[in-house]
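Computed from heavy atoms alone, side chains included, the values below leave out hydrogens, waters and symmetry copies. This structure is a prediction, so every number in the text was calculated from the model and none was measured. Just so you know, ligand 1 is whichever comes first in the structure, and atom 1 is the first atom listed for that ligand.
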Amino acid sequence: MKRHVGFILSLILIFSLSSAVGLASTTIFQPGTFTGEAQGYGGKITVEVTVSEDAITDIKVVDQNETPVISDLALEKIPAQIIEEQSIAVDLVSGATLTSEGLLAAVTAALTQTASDIEQLNKKVVKEVSTEKIEQTADVVIIGSGGAGMSAAVEAIKAGSSVIVIEKQSAVGGNTLLAGSAMNAASPEKQNKQTMSSAELNTIQKILELEADNELVQTWKDTLTQELDAYVAEDASYLFDSPSLHKLQTYFDGDNVANPVLVDILADNGLAAVNFLSDLGANWNENIQAAVGATWKRSHTPTTGFGTQGASFVLPQVNYVEENGGIILLDSRADTLLMDGGRVVGVAGKTTTGQPFQINANKGVVIATGGFGANVEMRMKYNKHWAILDESVPTTNGPQATGDGIVMAEAIGANLVDMEWIQMIPTYGPGVFTPYIENQFYINKEGNRFVAEDGRRDVLSGAVLEQTDAQIYIISDAHTVKDGVTSIGRHVDRDSLNTGYAWKADTLEELAEVIGVPFENLQASVDQFNNSVRSGNDPFGRTVFDQEFGVGPFYAGITGPMVHHTMGGIEINEQTQVLAKDGNVIPGLYAAGEVTGGIHGSNRLGGNAITDVVVFGRIAGQEVSK
Ligand code: ADP
């Protein structure tokens, strides 16, 4: 267990908890500095390892192209640990597995040139671990340091509470840190600078034709009708948006399954959530875009000021918490909610070294442990809608997304809702350069478009599953990738072309050849796309477009459906209090973020997850502090 603050401090703490025995001190080296290379996540990692006659004395990472923020901890921790333990059998850093493996392979390659016995160096150092229980107390205890947990922590501190965040991984951020980049919020001031086509106007009119199945939904429709009448009376052409449109799209595109009261809160507080992050230091691109499955251009994109786009959804809060006395305990896995007379009063668990801990909560506990997309057993238990969700189906989630909070809450009687709804996304991985779709289209292996690319994620995934090999190519031109970089700052030429999942060509003909699809079909798909941009009449019903396609160079990236988000989870009320199976509040227990259910219904809009975690995380932090 260690705090996030001060990486060096954390290392000292780990090593003081454990005294290394059985160091590989019998290895003899030929003294000097040796270079080693190996493949990491983003490309080659090169290290220089310096050894004396009987010890590894220095390891420098001299070249690497790993994802900033996500890989930082591995690049710092692993060399320090190898030197400390004089062993290359050190633990991988969770959340940065490929970087860890690449780095270890590079160090091994260097040491192989000089060590008398590399096998000896590959022996794991046995550590003595204290079994004494660690006990601490705070007003508010938060489980999970993703966007929801950290937003809750900020608000709890602002409300005067002392806060301890418990995180099972070696680094903060969870899936939020890995997020593509989109955060939905109606933000008319920005959206008014963009234009809207008649096809998009038609989309809103069609939404208004859908039937409201309860009074709250009817009030959204009434508000939107008034707003749209005013827009049309203005003879306007700017991009329209409002919280009521956001609510109706969230609710109807989740098949009316969500709890409208929670949808109401989500959309009403979206812009405030964007501003909350801005106040903590996040910066945003001007352009408002449509993420895959967002169904509308209301996705805000952060700059890469915090290292990656996803980092802006969680590191601003982490900085605030650390600067204002909050404590983040890493490598600490919670497994039990502690009860006293029906009230939740704390959390128990174990550190990664096996030391038990108990964190007492004076005011309450917030569960913010994320979803269960990486837990194959759970997703198979609850899935009712996909033919296969076993281990053969990959996930976009980090390995930590195992639904722990759901299990812990259920064990004390919490109600679970919408568990059967598991989202697959067909556009993820090294062949995907941007989460935004305006200027891209999808073709199957025959070179043909097959779906409205601006549709819902469940529809897109279902359509991809019906294509040859359940794989598709995403086709882009210079409107998406210019001079090798996307509009949101991703380096496609540098980072994607060497992965085997992405290709670039100067002409469409060459592109068709390199990816092995008939050129005439690819050309027909381009013609169809452009015709749809011009006419607003797409054969698949797509309405979200930006520019006509055709400015080279051209790119293709291959991808297929992966488990992405779990819509179901713990049932909460408007105050994020956890509800028991009998509908009563469980005193002292709150939940926010992907661990909860009821906000997205059967299908989550692309870009709504970050809004969800920040909006409800903030509410949880405020409410638990009361
Ligand atoms: P959200 O988007 O809802 O905030 P994230 O996936 O971003 O969810 O973050 C959830 C965090 O909770 C992750 O960092 C994950 O490692 C952490 N977590 C999950 N289970 C536990 C647990 N049992 N104990 C401590 N932390 C946990």
Side-chain angles (χ1 to χ4, degrees), residues 1 4 70 73 93-96 141-154 164-180 182-183 266 273 277 308 310-315 317-318 328-337 346-352 356-359 365-375 378 395-411 423 563-570 572 576 590-597 599-600 604 607-621:
M1 179 183 287
H4 179 253
I70 295 168
L73 185 65
V93 171
S94 50
V141 177
I142 297 167
I143 318 173
S145 71
M150 295 316 302
S151 301
V154 170
I164 294 180
V165 180
I166 303 170
E167 169 55 55
K168 70 177 174 182
Q169 293 206 286
S170 307
V172 291
N175 274 349
T176 307
L177 191 72
L178 308 175
M183 175 172 185
L266 175 85
L277 292 176
T308 62
S312 287
F313 299 137
V314 64
L315 295 189
Q317 299 97 303
V318 169
I328 303 174
L329 302 172
L330 297 176
D331 288 316
S332 306
R333 183 177 178 278
D335 56 30
T336 311
L337 295 166
V347 178
K350 280 203 174 104
T351 68
T352 43
F357 66 78
Q358 172 175 332
I359 314 294
V365 171
V366 179
I367 305 181
T369 47
F372 61 93
N375 186 330
M378 264 179 96
T395 178
T396 63
N397 289 200
Q400 81 290 341
T402 46
D404 303 8
I406 294 173
V407 175
M408 274 185 268
E410 204 186 16
Q423 179 164 82
V563 172
H564 187 57
H565 187 95
T566 45
M567 271 77 70
I570 300 169
I572 54 167
T576 73
Y590 299 74
E594 196 177 340
V595 73
T596 64
I599 292 147
H600 307 287
R604 172 175 71 73
N608 263 5
I610 301 297
T611 315
D612 169 6
V613 305
V614 179
V615 165
F616 288 97
R618 294 186 68 199
I619 295 172

Visitor: Number the atoms of ligand 1 from 1 as they appear, then name those within less than 4.0 Å of a heavy atom of Q169, with their elements.
Guide: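 Listed by number with element: 16 (O).
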Visitor: Pick one of side chain, backbone, both or neither for how V613 approaches ligand 1, counting any non-hydrogen atom pair under 4.0 Å.
Guide: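 For V613, only side-chain atoms sit under 4.0 Å from ligand 1.
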Visitor: Nearest 0.5 Å, what's the OG1-CE distance between T611 and M183?
Guide: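 Atom-to-atom, T611:OG1 and M183:CE are 5.0 Å apart.
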Visitor: Kindly compute the distance separating CD (Q400) from OG1 (T369), expressed to the nearest 0.5 Å.
Guide: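 Result: 10.5 Å between the selected atoms.
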Visitor: Using a 4.0 Å heavy-atom cut-off, which part of I143 comes near ligand 1: side chain, backbone, both, or neither?
Guide: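 Side chain only; the backbone of I143 stays clear of ligand 1.
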Visitor: With K168, which of D335, D404, T352 fulfils side chain to side chain donor-acceptor pair (under 3.5 Å)?
Guide: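 By the side chain to side chain donor-acceptor pair (under 3.5 Å) criterion, K168 pairs with just one of D335, D404, T352: D404.
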Visitor: Around atom 9 (O) of ligand 1, find the nearest protein heavy atom and jot down its residue, atom name and distance.
Guide: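 Looking at atom 9 (O) of ligand 1, the protein heavy atom closest to it is G146 CA, 3.3 Å.
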Visitor: Would the distance check show the side chain of S151 and the main-chain N or O of G617 forming a donor-acceptor pair, the cut-off being under 3.5 Å?
Guide: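 The answer is no, because no donor-acceptor pair under 3.5 Å joins these two groups.
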Visitor: Which value, rounded to the nearest 0.5 Å, describes the distance between E594 atom CD and I610 atom CD1?
Guide: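 Between E594 CD and I610 CD1, I get 9.5 Å after rounding to 0.5 Å.
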Visitor: Report yes or no: does G173 have a heavy atom closer than 4.0 Å to ligand 1?
Guide: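 Yes, G173 has a heavy atom closer than 4.0 Å to ligand 1.
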Visitor: Just by distance, do the side chain of S145 and the backbone of G173 share a donor-acceptor pair under 3.5 Å?
Guide: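 Yes: the side chain of S145 pairs with the backbone of G173.
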Visitor: Between D404 and ligand 1, find which residue part has any heavy-atom pair under 4.0 Å and reply side chain, backbone, both or neither.
Guide: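 Answer for D404: side chain.
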Visitor: So, N175 side chain and G398 main chain: donor-acceptor pair closer than 3.5 Å or not?
Guide: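 Checking the backbone N and O of G398 against the side chain of N175, a donor-acceptor pair under 3.5 Å is found.
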Visitor: To which of G174, G147, A368 does the heavy atom nearest atom 10 (C) of ligand 1 belong?
Guide: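 Minimum heavy-atom distance to atom 10 (C) of ligand 1 goes to A368.
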Visitor: What do the steps show when you test I328 against M150 for side-chain contact (heavy atoms from CB on, under 4.5 Å), and what is the final call?
Guide: CA-CA 10 Å; I328 303 174; M150 295 316 302; 3.7 Å; yes
Visitor: Identify, by atom number and element, the atoms of ligand 1 in contact range of S332, meaning under 4.0 Å from any of its heavy atoms.
Guide: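 Atoms satisfying the 4.0 Å criterion: 24 (N), 25 (C).
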Visitor: Could you tell me, atom by atom, which parts of ligand 1 come under 4.0 Å of a heavy atom of I166?
Guide: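 This gives 25 (C), 26 (N) as the contact atoms.
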Visitor: Pick, from G398, A148, A591, A334, the option with the minimum heavy-atom distance to atom 24 (N) of ligand 1.
Guide: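 Looking at heavy atoms only, A334 sits closest to atom 24 (N) of ligand 1.
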Visitor: Between OG1 of T566 and CZ of R604, what distance do you get to the nearest 0.5 Å?
Guide: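 Going from the OG1 atom of T566 to the CZ atom of R604 covers 9.5 Å.
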Visitor: With a cut-off of 4.0 Å, which atoms of ligand 1 are near a heavy atom of G593?
Guide: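 Atoms satisfying the 4.0 Å criterion: 3 (O).
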Visitor: Starting from atom 19 (C) of ligand 1, what is the nearest protein heavy atom, named by residue and atom, and what distance separates them?
Guide: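 The closest heavy atom on the protein side is T369 O, 3.4 Å.
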Visitor: Looking only at protein heavy atoms, which one is nearest to atom 12 (O) of ligand 1, and what is the separation?
Guide: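 The closest one turns out to be G144 CA, 3.2 Å.
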Visitor: Would one find an N or O of E167, backbone or side chain, under 3.5 Å from an N or O of ligand 1?
Guide: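 Yes; at least one N/O pair falls below 3.5 Å.
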Visitor: If we only count heavy atoms from C-beta on, is the F616 to I572 side-chain gap below 4.5 Å?
Guide: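 Heavy-atom side-chain distance check passes, below 4.5 Å.
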Visitor: State the CD1-CD1 distance between I570 and I367, to the nearest 0.5 angstrom.
Guide: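 The CD1 atom of I367 is 4.0 Å from CD1 of I570, to the nearest 0.5 Å.
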Visitor: Assess A609 for proximity to ligand 1: is some non-hydrogen atom of it under 4.0 Å away?
Guide: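 Under 4.0 Å: no for A609.
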Visitor: Tell me which protein heavy atom sits closest to atom 8 (O) of ligand 1, plus the residue, atom name and distance to 0.1 Å.
Guide: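 Sorting protein heavy atoms by distance from atom 8 (O) of ligand 1 puts G370 CA, 3.4 Å first.
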Visitor: Quick one: look up the protein heavy atom nearest atom 5 (P) of ligand 1 and list residue, atom name and how far away it is.
Guide: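 So the nearest neighbour among protein heavy atoms is N175 N, 3.5 Å.
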Visitor: May I ask you to list the atoms of ligand 1 that are less than 4.0 angstrom from any heavy atom of Q400?
Guide: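 Per the distance check, 13 (C), 15 (C), 16 (O).
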Visitor: Could you find the nearest protein heavy atom to atom 2 (O) of ligand 1 and give me its residue, atom name and distance?
Guide: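 Here the closest protein heavy atom is T176 OG1, 3.0 Å.
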Visitor: Among protein heavy atoms, which sits nearest to atom 25 (C) of ligand 1, and what does the distance come to when rounded to 0.1 Å?
Guide: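 Here the closest protein heavy atom is K168 N, 3.3 Å.
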Visitor: Ignoring hydrogens and geometry, is there a side-chain-to-backbone donor-acceptor pair from E167 to Q169 under 3.5 Å?
Guide: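 Yes; judged by distance alone, with no hydrogens or angles, the pair exists.
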Visitor: At what distance, to the nearest 0.5 angstrom, does OG1 of T395 lie from NE2 of H564?
Guide: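 So the gap between those two atoms works out to 8.5 Å.
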Visitor: Need the ligand 1 atom indices (1-based, order shown) with element for anything under 4.0 Å from a heavy-atom of R333.
Guide: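 Numbered from 1, ligand 1 contributes 23 (N), 24 (N).
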Visitor: Where is the nearest protein heavy atom to atom 3 (O) of ligand 1: which residue, which atom, and how far?
Guide: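 For atom 3 (O) of ligand 1, the nearest protein heavy atom is E594 N, 2.9 Å.
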